[in-house]
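Below is one structure, written out as structure tokens; the observations come after it.
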Amino acid sequence: MSFVEYSELIQEGDVVIIFLGHESMMPVKVQSGAQTQTRYGVIRHSSDLIGQRFGSKVTCSKGGWVYVLHPTPELWTVNLPHRTQILYTTDIANITLMLELKPGSVVCESGTGSGSLSHAILRTIAPTGHLHTVEFHAQRSEKAMEEFKEHKVSHLVTVRNQDVCKEGFGVTGVADAVFLDIPSPWEAVPHAKRAMKHKGGRLCSFSPCIEQVQRTCEALSDHGFEEICTLEVLLRVHDVRSVTLSLPDFGPEEGSTDSTQKEEVPNTGIASVVCKTATPPREMAGHTGYLTFATKPRD
Amino acid sequence: MAECVEDSDAESRISYGDYIVLKRGDVFKSVQVENKKKVIFEKQWFFLDNAVGQLYGTIFEIVAGGSLRVKMVKRAGSSLNNDDSKEAGQDNRHIMDDGRSQKLTRDDIETLKEQGLMGQEIVQQLIDNSTTFKDKTEFAQQKYIKKKKKKYESDITFLKPSTRLLSMMYHGREPGKICHLRYDTLAQMLTLGNIHASSKIIVFETCAGLVLGSVMERMGGYGSVIQVYPGGGPTRAGMESFGFPSSFHETLHDFPMCKVNALLAGTLDLSEKDTDSRTDVSRDGQLDSSRETSGVFQEGTTEPQRMEVSIDPEEEMKRAEREKLRQQRAEEKKVKMEERRKKLTSASALLQGQDADGLVIASRFHPCPVLMGLLKFVAPSRPFVVYCQYREPLIECYTKLREQGGTINLRLTDSWLRHYQVLPNRTHPLLLMSGGGGYLLSGTTVAKSVTQQKSEEPAAKRLKLDMSTPSCESST
């Protein structure tokens, strides 16, 4: 197992995602001899996981069953331990497309945070790209490096513990794309420019507040960035279900003179129609952040 | 890291045969650079030849005779943009809309253009001849300039194609061709499908090849893509526009939808030649027959000639040449057929294992049968994603999958996209936004148990037999 390449069977040391039911999952590190408690009972790693095919059904000690899934950056995003606010898949998808990431891209990112975006970037730029990720919080950067090792992607990433606004990304002229998710992105814009390739590249800044966007756009324009564009994407989930709609009773119709039908007992309100539909959730994420994109032209 | 610092400029230069994207404002067009090719873009026509040898990202302007000239780059705003504001009004109380504020007439502007004035100079003329410009507020003045610049400046940027540019281009120009798939929805598909290098992805699309191309871009020439196609042959114009290196094309395989059942039943016959011609009837059948008839026709006309002047060595040679050509053609056809057979064999071999790493569907077909048919080729614990312009067909897919089992994490979604104008003291959402970008159904495959599960919720109370051995086989 690796976050950048699928494998068929579960092996010792793998990270697997245990699917417990709708919207309920947990990540587990596979170690022979180890056990994992779930609400359906115990999963014994040696007998229940190792050697099994990803996607198989595993019966727990209490008789309930779960599925074991191959990790993907998207599953990781909804299962990772939060050390910070994280970016979710909808934003990540747009960041990846708009930054034009692909295998071989060199990317600079700050901050690393909980590594939600980092994993998605690594997946896309593997096997020949590289991620330089900068995190000013020492413990967070250490933890991130540990995770990258566990997920077998550490050869694709360099984690630096420094302040991007003061010290930059630690590289010059190498990046195809830069991503900023920091409180004052405008301070990092000159560093971002320096990190980018001579022939140019793409930049993205994620900010929850419009005031941050305002200042960032000004800084980008001052530093010669082009195609500056701010957008916002929201995901709407549609809950598929059958709904029952009762039909109103207007009483007997005037035209139908058939007396036998008139004898029918007044409708007791059972008449209804079942219809398959999809409804929006009562509440949804209404704002994550503004995504500002820009192009650095050739020097 | 030293080698990274040196950008290879050779690769960044435009050459004949390259696929490029033209950009003017928010409008894009994809073209292939060819000798003396006339391109019409944004009501202007020009030849691409002068762009050859120039760097990608270069801005050109069109000069007389439709030739391109590299525009002198003036960074950080032109003189028009500079806020050395001379005169500006406070508000619009004195602005009268009498249609007489511009003293230049349409004809005057045309004359200026004929005199060879460039866009910026025309805009300056327009400002000088506007009676109300001075009374406009500073913001209004900037807006006026921006609007006029857009109209009169003919700058065109030449860019390297990418999923971003092509998906925005198709969405802006020909949304009907890509089933109204919006670029942010395509972004979701590529991410939810976990498209990455060294995997085996099945693509079924009728989006002009855009989805296929974007999947291939994300795979970077590693792994394999199997395009399952409806009808006579795969559509790939959008994919060609990416201008992938030939190594990428070697990772691309195709398989006709009409042979999926045969493949699943194990009755797909690869040895016989007629299996090829059967699928090609709709596409190549006509072509072949027309070629044949033209051959017959040719023969017919040459016959009397041959009788008369058969002694003419020149004519004799010509005839022999024709004969050779015909033979060559037949040979080529044979080789082509053989090649096609080989390709079909390799594609079916890739599918046969039923161990694909992902499935991406975006078509004008009803997604339900497509999904049910192709999901059988996907390994357990792999993502799949289905796009449909409409919601109801995906509701049907969702219901069917829940009944059938073998998938979890099903989600029916759409996304909402809004662009912003960001300017000092004038930041707000754009007045227009896209009304919808289509719907997605995504999920993950799992091993299918023999006993059908009604619910994906694990039932703790009921004691289940250990069904850990996968049983993907579900003969219908």
Side-chain angles (χ1 to χ4, degrees), chain A residues 4-6 19-22 40 52-59 62-67 69-70 72 74 89-90 92-94 96-98 100 102-104 106 123-124 126-127 173-174 197-200 210 213-214 217 224 229-238 240 276 278 290 297-298, chain B residues 1 4-5 7 12 55 57 75-76 162-164 183-184 186-188 190-192 194 196-199 217-220 222 357 379-383 391 395 398-399 408 411-420 422 424 427 444-447 449 456-460 463-464 466-468 470:
Chain A
V4 296
E5 205 161 344
Y6 284 118
F19 177 88
L20 298 153
H22 188 61
Y40 305 113
Q52 295 293 327
R53 198 175 184 195
F54 278 108
S56 25
K57 192 184 265 189
V58 168
T59 309
K62 286 185 198 163
W65 43 264
V66 299
Y67 285 112
L69 302 179
H70 196 289
T72 65
E74 288 59 54
T89 299
T90 313
I92 290 172
N94 281 283
T96 311
L97 184 110
M98 290 300 203
E100 306 189 333
K102 56 190 177 195
V106 178
R123 173 264 318 275
T124 304
V174 298
K197 276 184 181 157
H198 158 72
K199 69 170 178 188
I210 200 73
V213 173
Q214 188 87 57
C217 284
C229 151
T230 300
L231 54 86
E232 188 183 15
V233 195
L234 292 176
L235 188 75
R236 285 191 294 205
V237 180
H238 302 259
V240 179
K276 200 89 193 171
Y290 300 104
R298 178 176 284 274
Chain B
M1 221 152 281
C4 297
V5 182
D7 296 343
S12 323
L55 293 161
R75 286 276 137 73
S162 66
T163 301
R164 173 178 72 99
Y183 39 93
D184 60 311
L186 176 61
Q188 306 294 320
L190 297 170
T191 296
L192 292 172
N194 192 19
H196 63 278
S198 316
S199 46
E217 185 189 67
R218 286 286 173 92
M219 295 182 58
Y222 304 92
D357 295 317
S381 194
R382 298 293 185 270
R391 194 176 67 162
I395 293 180
Y398 183 101
T399 312
I408 53 166
R411 283 235 283 191
L412 175 58
T413 61
D414 77 327
S415 56
W416 179 95
L417 175 73
R418 191 166 193 169
H419 287 264
Y420 285 79
V422 181
T427 296
T444 307
T445 56
V446 286
S449 49
E456 67 176 16
E457 224 77 31
L463 193 87
K464 285 274 162 6
D466 194 336
M467 304 301 325
S468 53

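Reminder, nothing fancy here: chain letters follow the sequence lines and each chain counts from 1.
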Pairwise distance CG(A/Leu97) to CZ(B/Arg164) - rounded to 0.5 angstrom: 8.5 Å

Does CZ belonging to B/Arg391 count more than 12 external heavy atoms closer than 6.0 Å? yes

Shorter than 4.5 Å, heavy atoms on both sides: which option in [options] has the most such pairs with chain A?
| options | answer |
| --- | --- |
| B/Thr445, B/Thr191, B/Leu190 | B/Thr191 |
| B/Asp414, B/Leu186, B/Ile395 | B/Asp414 |
| B/Pro383, B/Ser381, B/Ser199 | B/Ser381 |
| B/Asp357, B/Thr163, B/Thr427 | B/Asp357 |

Of the backbone (N, CA, C, O) and the side chain (C-beta and beyond), which part of A/Gln214 lies under 4.5 Å from a heavy atom of chain B, both, or neither? both

Does any backbone or side-chain atom of A/Ala278 lie under 4.5 Å from a heavy atom of chain B? Answer side chain, backbone, both or neither. both

With side-chain contact (heavy atoms from CB on, under 4.5 Å) as the criterion, how do B/Tyr420 and A/Val213 come out once you've worked through the C-alpha distance, each side chain's angles and the decisive distance to 0.1 Å? CA-CA 10 Å; B/Tyr420 285 79; A/Val213 173; over 6 Å; no

Can you tell which part of [X] gets under 4.5 Å to a heavy atom of chain A, answering side chain, backbone, both or neither?
| X | answer |
| --- | --- |
| B/Leu417 | both |
| B/Arg218 | both |
| B/Arg418 | both |

Kindly write out the residues that satisfy salt bridge (Lys or Arg N to Asp or Glu O under 4.0 Å) with A/Glu74, not counting sequence neighbours, or none if the list is empty. A/Arg123

Looking at A/Pro127, A/Gly104, A/Ala126, A/Cys229, which has the largest count of heavy-atom pairs under 4.5 Å with chain B? A/Pro127

With chain B, which of A/Val237, A/Thr90, A/Leu234, A/Val233 has the greatest number of heavy-atom pairs at distances under 4.5 Å? A/Leu234

Relative to each other, are the rings of A/Tyr6 and B/His196 parallel, tilted or perpendicular (30° and 60° limits)? tilted

Please name the pair of heavy atoms, one in [X] and one in [Y], separated by the smallest distance, quoted to 0.1 Å.
| X | Y | result |
| --- | --- | --- |
| A/Thr230 | A/Tyr290 | CG2-CB, 4.0 Å |
| B/Val446 | B/Pro380 | C-CB, 3.9 Å |
| A/Ser56 | B/Ala447 | CA-CB, 3.9 Å |

